[in-house]
K.L.:
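Got a structure here, written out as structure tokens. Questions coming.
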Amino acid sequence: MNFATMTDWKDQILSKLNEPQQQAVQTVRGPLLILAGAGSGKTRTIIHRMAYIIHVEKVPAHYLAAVTFTNKAAAEMRSRLLNTAGPIGSECTVRTFHSLGLYLLRRNAQYLEYPENFSIWDDSDQQQAISAILEKFPGKFNKTQYRYFANSISAFKDKLVTPQNLPDHIDLDEYEFNDILQEVYQLYEARKTASFAVDFADLISLPCHLFEKFPELLTRWQNRYPFWLIDEYQDTNFAQYKFVQHVASRDKNLCVVGDDDQAIYGWRGADVKNILDFGTDFKDATVIKLEENYRSTKVILDIANGVIENNYERMAKHLFTSREGGETPVLFTAADDVQEAAKVVSLVRQSLTDTPASEIAVLYRTNSQSRLLEEAMLNAKINYRVYGGLSFFARKEIKDILAYFKLIVNGKDEAAFARVINTPPRGIGDKSVEKILTARIDSRIGDFTDLLAQGDQNGLSGKARDAAAKLAEQLKALRKKAEARADLGFFLDELLEMTGLAKVYEEEDRLLGSGRMEYVGELRNSLLNYQRQTSQATLGDYLQQISLITTTEDHEAEKASVSLMTVHNAKGLEFETVIIAGFEKDLFPHFLAERDGDISEERRLFYVAVTRAKSRLYLTQAERRMRQGFYEQSKTSPFLNEIPHGLLRVEKGYSVGGSAPKPFKQSFIPRAPAAAKPTASSSPGFGSGINPQNKGGKFSSGDKILHSNFGKGRVLRLEGDGDSQRIHILFDDGKTRKFILKFTDLKII
DNA sequence: CACCACGCCGTTTTT
DNA sequence: CGGCGTGGTG
Ligand SMILES: Nc1ncnc2c1ncn2[C@@H]1O[C@H](COP(=O)(O)OP(=O)(O)OP(=O)(O)O)[C@@H](O)[C@H]1O
């Protein structure tokens with residue numbers, strides 16, 4: 001490349017930036033902090049700075065490592081980098097912290113004395129291990145308690161606290177189960193190591209420990225990546241902070257960007273001090289503030305600023321926009337959550353007339369809000385995509401199959417074994433599993449497939465022994481295929497056939513319409529995509545790749561779809577139209593935060609939500625909302641009072657399509673039957689179809705019945721007694737409905 | 001050991 | 001509401 005081209009690059013890159021951004025981009029060496037408000041171009045600056053370092057400073061692109069928080073942000077950054085820096089941008093490393101940690105561990109597994117194909121345990125694997133450990137302790141523990149142990153252990157790791165150094169760093173008095181917590185942590189680590197597994201928190205903490213223990217590894221990484229850029233630095237936890245300190249400590253070419261007003265992961269151990277103290281950590285740090293917001297209209301920005309000013313201990317910031325005026329944001333109130341969803345849909349519809357679907361987002365505080373919204377979008381035939389929530393990979397059929405994959409790749413993975421051993425049911429129940437696990441210790445046969453094959457050593461007899469031998473054969477055959485690098489699509493089919501999983505799923509789909517095979521098909525797509533994109537595709541690599549994914553990617557679908565996600569998931573993104581649903585007290589801010597007496601993080605979350613919007617912002621609330629089976633009244637979010645006067649239009653008394661609001665609860669309490677003709681009944685004492693005095697004794701599970709409104713069905717069960725006794729009926733339309741027996745017009749047929 | 005019906009119970013955010 | 005553990009039955 002000649003000088004003229006270099007100047008072109010320089011001009012081109014700088015021309016896209018304002019003055020402080022240019023200054024940041026040209027600060028190539030040494031520590032640099034960009035601390036700035038929402039939409040001020042922090043991410044844009046990171047990307048242009050990378051392009052500048054590559055094209056103007058002539059640093060090889062593979063020397064640059066950029067770290068983001070979510071996969072979505074990483075993908076976004078990669079594609080924007082390609083746009084800005086050209087194809088060479090793909091040589092930069094752009095990853096999440098977790099993906100970077102995994103990358104390090106996989107390539108340095110020998111330091112852990114692990115094989116390259118170690119397993120990654122998700123939350124449920126973790127809890128399963130902990131429940132197994134707790135069985136050996138006196139007392140009974142429930143799921144909430146397993147989760148407490150799992151969360152505490154993860155929190156320890158986020159602080160780089162090990163079972164050994166725990167007493168030096170942790171005041172156990174502040175914890176539940178403090179008499180056994182440390183021991184459980186230690187046993188958990190031992191069990192995980194025996195399974196050749198790492199958990200999520202390990203992906204950050206283990207690299208830190210390895211850096212300290214093996215200086216040559218650290219040096220290699222410092223040589224490999226002399227330039228570091230960290231996005232959303234305000235949300236780093238201690239382990240992530242240390243990771244960054246390690247890799248950047250020698251060359252100090254470290255650029256961190258963030259916004260203390262957008263710190264929303266305190267509950268996960270993130271500490272905003274990491275960004276506030278950057279100047280102390282690096283005495284010669286350059287600090288740059290960006291003050292112009294290029295994203296939002298003035299009114300949107302004023303709302304965000306007005307609310308966030310209610311927080312204390314902020315770094316003072318000015319933020320202005322030249323997008324004067326703009327549409328006034330509106331708050332809509334619906335009678336209940338169902339109608340709120342309908343209103344959201346009508347707002348989306350309206351916005352779709354001049355805005356592409358990909359520029360519209362519906363944001364909410366909790367994942368459970370997504371269901372009604374999804375149903376409403378589905379009904380309205382609007383393309384949408386839900387990000388986060390219950391992951392594809394959390395589905396039963398997918399976990400079943402992946403457990404097989406894991407056990408085939410890593411024969412010592414106890415979590416995978418625990419699932420595979422009796423999925424589908426093959427006559428090896430809890431008792432037999434216990435025998436196998438005991439025999440495993442006695443026989444010192446660590447590989448589960450070998451153990452299952454050894455009928456004389458695995459402690460089993462009779463039917464269970466035969467079933468185990470058969471499973472071992474299947475696993476061996478499959479392992480051979482995996483090692484021979486069979487096509488992954490065929491491999492999946494083979495597995496489904498051989499193990500009988502296909503049969504079980506197909507049967508369930510036929511009888512219950514559970515759609516499992518459809519999801520299995522999605523898994524096949526995922527395998528084939530991976531295989532197409534990867535030159536050295538292996539099952540082990542696939543498993544590690546997908547362990548970090550929460551939402552399956554589908555770029556084509558994304559372009560034409562409205563986005564539904566939690567506010568947390570929307571961090572770093574932007575949309576023309578943003579609808580924030582559930583703007584209610586006890587929901588946003590969440591009541592648990594309020595209970596704990598500090599809603600400042602909720603306020604920051606609201607600030608993040610509002611500042612995602614470029615041009616249009618709507619808030620919606622429901623006057624009552626279904627909660628644990630019952631409707632509850634809700635009040636408007638207290639954040640309403642923090643929005644400066646005149647910036648938000650409040651619309652009350654709205655109803656769908658301009659008609660009167662539907663009577664509340666219509667769909668839950670069936671109408672008292674009109675004067676229907678008395679119908680003959682085979683059931684004694686069931687005088688008339690309009691007699692509301694049904695008695696519980698008359699019906700029992702399995703009875704075929706006729707309902708005056710819903711037609712024929714079958715009684716599933718009766719619940720409770722007396723006047724409030726309820727009856728559950730599965731109707732021929734496939735829907736289950738519940739009624740209060742007393743008021744229900746039913747007869748046995 | 002597998003299956004199913006019953007009843008209990010919980011409220012958040014994620015890599 | 002909906003998810004999950006459990007206890008009874010075949
Ligand atoms: N100098 C500029 N000229 C034109 N547009 C800009 C400029 N700087 C930023 N933008 C645009 O403003 C919007 C916000 O930028 P960006 O996403 O980088 O902000 P951010 O500070 O990372 O935001 P947040 O903290 O909210 O995630 C983007 O659409 C970006 O392209």
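Naming convention: chains lettered A, B, ... in sequence-line order (proteins, then strands); numbering from 1 in each chain.
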K.L.:
Respond yes when some side-chain nitrogen or oxygen of A:Asn367 is under 4.0 Å from OP1 or OP2 of B:dT14, and no when none is.
P.N.:
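Yes.
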
K.L.:
OP1 or OP2 of B:dT15 versus the side-chain N and O atoms of A:Asn569: is any pair under 4.0 Å?
P.N.:
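Affirmative; the distance criterion is met.
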
K.L.:
How close or far is atom C1' of B:dT12 from atom OH of A:Tyr148, stated in whole angstroms?
P.N.:
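That distance rounds to 18 Å.
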
K.L.:
I'd like to check, for A:Trp267, whether its ring lies over the base of B:dT13 with centroids under 5.5 Å apart and a plane angle smaller than 30°.
P.N.:
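Aromatic stack with B:dT13 present for A:Trp267.
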
K.L.:
What about A:Phe149 and A:Tyr188, are their ring centers closer than 6.0 Å?
P.N.:
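Not close enough - the centres of the two rings lie 6.0 Å or further apart.
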
K.L.:
Classify the nucleic acid contact of A:Leu592 as base, sugar-phosphate or nothing, counting any heavy atom under 4.0 Å across all strands shown.
P.N.:
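Base, at least one base atom sits under 4.0 Å.
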
K.L.:
Would A:His98 pass as stacked on B:dT15, i.e. its ring centre under 5.5 Å from the base's six-membered ring centre and planes under 30° apart?
P.N.:
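Aromatic stack with B:dT15 absent for A:His98.
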
K.L.:
Would you indicate, yes or no, if B:dC9 has its OP1 or OP2 atom less than 4.0 angstrom from a side-chain nitrogen or oxygen of A:Thr144?
P.N.:
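Result: no.
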
K.L.:
Within the structure shown, what part of the strands sits under 4.0 Å from A:Phe97 by heavy-atom distance: base, sugar-phosphate, or nothing?
P.N.:
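Touches nothing.
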
K.L.:
Starting from the 5' end of DNA chain B, give me the residue, A:Glu602 or A:Val433, whose nearest nucleotide shows up first.
P.N.:
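With A:Glu602 and A:Val433 compared, the 5'-side residue is A:Val433.
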
K.L.:
CZ of A:Arg147 versus C1' of B:dT14: gap in Å, rounded?
P.N.:
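Computing the A:Arg147:CZ to B:dT14:C1' distance gives 14 Å.
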
K.L.:
Between A:Asn422 (CG) and B:dC1 (C1'), how many Å, whole number?
P.N.:
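In whole Å, B:dC1 C1' lies 8 Å from A:Asn422 CG.
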
K.L.:
Assess whether a salt bridge exists between A:Arg625 and A:Asp586, defined as any Lys/Arg side-chain N lying under 4.0 Å from an Asp/Glu carboxylate O.
P.N.:
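Salt bridge flag = no for A:Asp586 with A:Arg625.
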
K.L.:
Using a 6.0 Å distance limit plus a 45 degree cone around the ring axis, check whether A:Arg395 lies over the aromatic ring of A:Phe392.
P.N.:
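Cation-pi check for A:Arg395 and A:Phe392: fails.
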
K.L.:
What's the CG-P distance between A:Leu460 and B:dC1, to the nearest Å?
P.N.:
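Those two atoms, CG and P, are 10 Å apart.
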
K.L.:
With respect to the phosphate group of C:dC1, does any side-chain polar atom (N or O) of A:Arg371 fall under 4.0 Å of OP1 or OP2?
P.N.:
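For C:dC1, neither OP1 nor OP2 has a side-chain N or O of A:Arg371 closer than 4.0 Å.
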
K.L.:
Taking atom C1' of C:dG3 as reference, at what distance in whole Å does atom NZ of A:Lys143 sit?
P.N.:
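Those two atoms, NZ and C1', are 8 Å apart.
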
K.L.:
Measure from CD on A:Gln628 to P on B:dC8 and round the result to the nearest Å.
P.N.:
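My rounded result for the distance is 15 Å.
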
K.L.:
Suppose we call two aromatic rings close when their centres sit under 6.0 Å apart. Are A:Tyr519 and A:Tyr505 close by that rule?
P.N.:
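No, they do not, as the ring centres are separated by 6.0 Å or more.
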
K.L.:
When you measure from the side-chain N and O atoms of A:Thr566 to the phosphate of B:dT14, is any distance below 4.0 Å, counting only OP1 and OP2?
P.N.:
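For A:Thr566, the contact criterion (side-chain N or O under 4.0 Å from OP1 or OP2 of B:dT14) is met.
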
K.L.:
What contact category does A:Lys463 fall into here, base, sugar-phosphate, or nothing, at under 4.0 angstrom with non-hydrogen atoms?
P.N.:
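The answer is nothing, as A:Lys463 stays clear of every strand by at least 4.0 Å.
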
K.L.:
Is it true that A:Arg604 and A:Glu601 have a side-chain N and a carboxylate O under 4.0 angstrom from each other?
P.N.:
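Looking at A:Arg604 and A:Glu601, the cut-off is met.
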
K.L.:
Angle class for the A:Phe588/A:Phe606 ring planes (parallel below 30°, perpendicular above 60°, tilted otherwise)?
P.N.:
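Rings of A:Phe588 and A:Phe606: perpendicular, as their planes differ by over 60°.
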
K.L.:
If you pin A:Gly429 and A:His568 to their nearest nucleotides in DNA chain B, which one's is more 5'?
P.N.:
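Going by which nucleotide is closer to the 5' end, it is A:Gly429.
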
K.L.:
Name the nucleic acid region contacted by A:Ser99, choosing base, sugar-phosphate or nothing; use a 4.0 angstrom heavy-atom cut-off, strictly under.
P.N.:
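Nothing: the residue A:Ser99, judged by heavy atoms under 4.0 Å, touches no strand.
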
K.L.:
How many Å lie between CZ on A:Phe141 and C1' on C:dT6, as a whole number?
P.N.:
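Answer to the nearest Å: 19 Å.
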
K.L.:
How close or far is atom P of B:dT14 from atom CZ of A:Phe200, stated in whole angstroms?
P.N.:
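To the nearest whole Å, that distance equals 13 Å.
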
K.L.:
Classify A:Asp430 by what it touches in the nucleic acid, base, sugar-phosphate, or nothing, heavy-atom distance under 4.0 Å.
P.N.:
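The answer is sugar-phosphate, as A:Asp430 gets under 4.0 Å only of primed atoms, P, OP1 or OP2.
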
K.L.:
With rounding to the closest Å, how many angstrom separate the C1' atoms on C:dC4 and B:dT13?
P.N.:
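Rounded to whole Å, the distance is 23 Å.
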
K.L.:
Once you apply a heavy-atom cut-off of 4.0 Å, does A:Arg426 come out as touching a base, just sugar-phosphate, or nothing?
P.N.:
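Result for A:Arg426 = sugar-phosphate.
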
